[in-house]
Protein chains: 2
Amino acid sequence: MVRIRTRDEILRVAGELFTRYGFKGTSLHDIAAEVGCSKATLLYHFAHKDAILLALVEPARQSLIDLVARLAGVDDKGIRVAAIEGFIDLVLRYRREVALIYDVTPQFLQEPRFAAMRELTEALRAGFAGRSADPADHIAAEVLLGGIAAVVIDDKRDEVELRPALVAVARRALIPGKD
Amino acid sequence: MVRIRTRDEILRVAGELFTRYGFKGTSLHDIAAEVGCSKATLLYHFAHKDAILLALVEPARQSLIDLVARLAGVDDKGIRVAAIEGFIDLVLRYRREVALIYDVTPQFLQEPRFAAMRELTEALRAGFAGRSADPADHIAAEVLLGGIAAVVIDDKRDEVELRPALVAVARRALIPGKD
DNA sequence: GTCTATATTCGGATAGAC
DNA sequence: GTCTATCCGAATATAGAC
């Protein structure tokens with residue numbers, strides 16, 4: 001039972017170090033030292049360094065897939081509110097993972113498993129824009145998508161304080177006549 | 001006259017490569033090969049790799065200092081519009097430099113010359129929030145600041161199309177009753 | 001000012017014993 | 001499953017000739 005615990009411990013430590021020093025700023029040596037094992041042990045549990053990060057962000061990626069699938073079933077009238085609240089809930093739940101993904105972008109967008117991420121964020125963007133074809137709505141959606149992500153990464157406030165403020169600013173910016 | 005041209009050429013090439021492959025993704029070898037000189041020549045003109053990037057973003061940094069100084073003289077009534085338009089004009093003018101700064105953040109925020117950048121963006125943030133003390137206004141300002149930066153970095157549209165859309169979404173989001 | 005050659009450090013990854 | 005030892009490549013930076 002020590003076996004499985006080592007793997008979990010690697011993920012825990014790597015998550016902390018990647019968050020604090022960035023992915024490139026954290027070496028296998030750093031992780032091994034903190035875990036109290038050798039680099040070889042790291043690479044017994046994970047094929048390579050990238051695989052550690054992939055494992056860390058996998059739950060967030062799955063949640064994004066679920067959200068996009070759910071939005072596909074929402075009609076045009078409710079799409080903006082559903083996309084805004086769904087996205088904000090998602091990034092607040094996975095703040096650390098969002099920070100990690102932004103840290104390694106765009107390098108990881110070439111990873112096969114992350115190539116599909118483009119389509120996912122594009123679907124989300126369309127939801128923010130209320131499925132409008134107007135470029136101005138498209139741009140506004142991008143501003144909010146990027147801005148909300150930036151805030152959950154940098155801001156130290158907790159989600160209880162952030163959530164209503166984020167929802168409010170997104171609604172003002174994206175839904176006409178709602179302020 | 002070849003002397004000064006080599007330095008300029010290094011900056012030109014480094015700007016391209018940093019933009020395309022990122023700062024860490026570009027080695028001195030890469031730059032030297034593209035310029036057609038040796039790594040040693042690079043380090044004759046610049047003390048180290050970081051100095052090349054600092055030189056590239058210096059004009060943008062100066063413009064930000066100027067903008068913040070200008071905003072200090074604007075009264076509360078006009079501060080939000082002045083901050084919004086000033087910031088958007090700035091980042092549209094220095095799109096490449098903004099992308100570079102975001103690429104190397106937060107590592108470079110520890111650089112002495114860039115430590116002051118925190119105060120600068122904080123002043124800008126206060127302007128976006130209309131100098132309000134309400135945390136919700138603070139958060140909304142952060143969303144717009146980060147979102148606008150994200151768009152000028154990623155979006156391929158030209159500034160003629162981006163500028164009015166960015167100003168419009170920022171005004172809707174930040175200035176009550178103006179949509 | 002520019003070069004070649006090299007020092008040095010560091011990082012990811014592998015081999016093979018236990 | 002975990003270790004020690006080691007390899008290999010990459011990258012920044014320096015030394016010294018021209």
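All values derive from a computational prediction rather than experimental measurement. Numbered from 1 within each chain, the chains take letters A, B, ... in sequence-line order.
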Exercise. Between D103(A) and K24(A), is there a side-chain N and carboxylate O pair less than 4.0 Å apart?
Worked result: no

Exercise. Once you round it to whole Å, what is the distance between P of dT9(C) and NE2 of H29(A)?
Worked result: 14 Å

Exercise. Can you find a side chain N or O atom of T6(A) that sits less than 4.0 Å from OP1 or OP2 on dT2(D)?
Worked result: yes

Problem set entry | Sidechain N-carboxylate O distance under 4.0 Å for K77(B), D75(B) | no

Seminar exercise, completed: From the candidates dT12(D), dT4(C), dT2(D), the one with an atom nearest any side-chain atom of A40(B) is dT4(C)

Problem set entry | Straight-line distance of E34(A) CD to T26(A) OG1, nearest 0.5 Å | 10.5 Å

For this session: Mind calculating the distance between CG (L28(B)) and C1' (dT14(D)) to the nearest angstrom?
Result: 13 Å

Exercise. Please give, in whole Å, the distance from dT14(D) P to L42(B) CG?
Worked result: 13 Å

Exercise. Going by distance alone, is a donor N or O of one side chain under 3.5 Å from an acceptor N or O of the other, for S27(B) and D30(B)?
Worked result: yes

For this session: Please report the shortest heavy-atom distance between H138(A) and R125(A), naming the atom on each side.
Result: NE2-NE, 3.1 Å

Problem set entry | Distance in angstrom units between K24(B) NZ and dA10(D) C1', rounded | 14 Å

Problem set entry | Interatomic distance, R7(A) CZ vs dT2(D) P [rounded to whole Å] | 12 Å

Problem set entry | Heavy-atom donor-acceptor pair, T41(B) side chain to C37(B) backbone, under 3.5 Å | no

For this session: Just report the end-to-end axis angle for the helix from dG1(C)-dC18(D) to dC18(C)-dG1(D), five pairs per end, to 10 degrees.
Result: 0°

Exercise. S38(A) has a side chain; which of dT12(D), dA13(C), dT4(D) sits nearest to it?
Worked result: dT4(D)

Exercise. Nearest to the side chain of H48(A), which nucleotide is it out of dA11(D), dT4(D), dA13(C)?
Worked result: dA13(C)

Problem set entry | Within residues 10-19 of chain A: residues closer than 4.0 Å to DNA chain D (heavy atoms) | none

Exercise. Using a cut-off of less than 4.0 Å, is there contact between a side-chain N or O of Y44(B) and OP1 or OP2 of dT2(C)?
Worked result: no

For this session: Please tell me if the side chains of E85(A) and R171(A) come closer than 4.5 Å, counting only heavy atoms from C-beta onward.
Result: yes

Problem set entry | Contact residues, residues 30-37 of chain B to DNA chain C [heavy atom, < 4.0 Å] | G36(B), C37(B)

Exercise. Roughly, in whole Å, what's the span from NE2 in H45(A) to P in dC3(D)?
Worked result: 9 Å

Exercise. Atom CG of L43(B) to atom P of dG1(C): distance rounded to whole Å?
Worked result: 15 Å

Seminar exercise, completed: Output for pair (L100(B) CG, E97(B) CD), nearest 0.5 Å, gives 6.5 Å

Seminar exercise, completed: Rounded to whole Å, the OH-C1' distance (Y21(B) to dA11(D)) equals 18 Å

For this session: Would you please confirm or rule out a distance under 4.0 Å between OP1 or OP2 of dC10(C) and any side-chain N or O of S27(A)?
Result: no

For this session: Taking only Lys NZ, Arg NE, NH1 and NH2, and the carboxylate oxygens of Asp or Glu, determine whether R12(A) and E16(A) approach each other closer than 4.0 Å.
Result: yes

Seminar exercise, completed: Between the CG atom in L144(A) and the CG atom in L166(A), the distance rounded to the nearest 0.5 Å is 9.5 Å

Problem set entry | Minimum-distance pair of heavy atoms, taken over all atoms of D155(B) and R95(B) | O-NH2, 2.7 Å

Exercise. Do the side chain of D158(A) and the main chain of E161(A) share a donor and acceptor less than 3.5 angstrom apart?
Worked result: yes

